[in-house]
Amino acid sequence: SDDLYKAENDQLRRGGKVLVEIGNLSVRRDFQGRNHVISLLLMKFFYQYSRDFLYADRLVCTIHPRAHFFYRGLMDF
């Protein structure tokens with residue numbers, strides 16, 4: 001995300017925030033279309049891992065524009 005949002009990320013870093021970047025959120029094609037159950041479980045895992053083991057204050061993620069409402073609504077990205 002620093003390629004596109006370095007200024008914003010650096011501002012958070014200067015404020016003492018610990019950022020963790022999430023990338024390549026994907027599920028194998030033959031597991032897609034199952035009500036997002038696998039995707040939601042993976043998201044829950046990376047959220048908890050980032051919080052509990054990496055001590056992240058913020059998760060950052062770059063996404064495809066058509067997925068904006070999904071990630072904004074689900075995780076406030």
Side-chain angles (χ1 to χ4, degrees):
S1 66
D2 274 353
D3 288 344
L4 298 173
Y5 300 103
K6 184 165 178 31
E8 293 88 340
N9 289 345
D10 284 347
Q11 183 177 0
L12 290 168
R13 290 179 184 114
R14 283 191 299 274
K17 302 299 181 191
V18 176
L19 307 181
V20 171
E21 182 169 2
I22 307 302
N24 294 322
L25 298 175
S26 61
V27 174
R28 203 170 79 186
R29 188 167 304 279
D30 54 330
F31 285 99
Q32 293 175 358
R34 297 185 182 190
N35 297 326
H36 301 289
V37 171
I38 293 173
S39 297
L40 294 173
L41 289 172
L42 288 171
M43 288 179 204
K44 180 179 177 182
F45 172 79
F46 74 65
Y47 170 78
Q48 290 176 333
Y49 185 86
S50 297
R51 181 193 64 203
D52 297 343
F53 295 101
L54 302 176
Y55 306 106
D57 295 306
R58 298 287 189 274
L59 298 176
V60 295
C61 182
T62 53
I63 59 168
H64 192 282
R66 71 174 180 234
H68 167 80
F69 293 110
F70 176 77
Y71 289 104
R72 171 69 76 187
L74 184 66
M75 302 194 79
D76 199 25
F77 282 163

Query raised in the report: For Glu21, does the CD atom have more than 12 heavy-atom neighbours from other residues, nucleotides or ligands under 6.0 Å away?
Result: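 Yes, enclosed.
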Transitively linked via ILVMFWY side-chain contacts under 4.5 Å: [X] with [Y]?
{"X": "Tyr49", "Y": "Val20", "answer": "yes"}
{"X": "Leu19", "Y": "Tyr55", "answer": "no"}
{"X": "Phe45", "Y": "Phe70", "answer": "yes"}

Would you give me the side-chain donor-acceptor pairs under 3.5 Å for residues 3-10, sequence neighbours excluded?
residue: Lys6; atom: NZ; partner: Asp10; partner atom: OD1; Å: 3.3
residue: Lys6; atom: NZ; partner: Asp10; partner atom: OD2; Å: 2.8
residue: Asn9; atom: ND2; partner: Ser1; partner atom: OG; Å: 2.8
residue: Asn9; atom: ND2; partner: Asp2; partner atom: OD1; Å: 2.8
residue: Asp10; atom: OD1; partner: Arg13; partner atom: NH1; Å: 2.8

Requested in this report: Quick one: closest heavy-atom pair of Phe46 and Leu59, and the distance?
Outcome: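 Shortest heavy-atom contact: CE1-CD1, 3.9 Å.
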Report task. Can you run down the salt bridge (Lys or Arg N to Asp or Glu O under 4.0 Å) pairs that involve residues 56-68, sequence neighbours left out, and say none if there aren't any? Result ->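 Every candidate salt bridge (Lys or Arg N to Asp or Glu O under 4.0 Å) pair involving residues 56-68 fails, so no pair, neighbours aside, qualifies.
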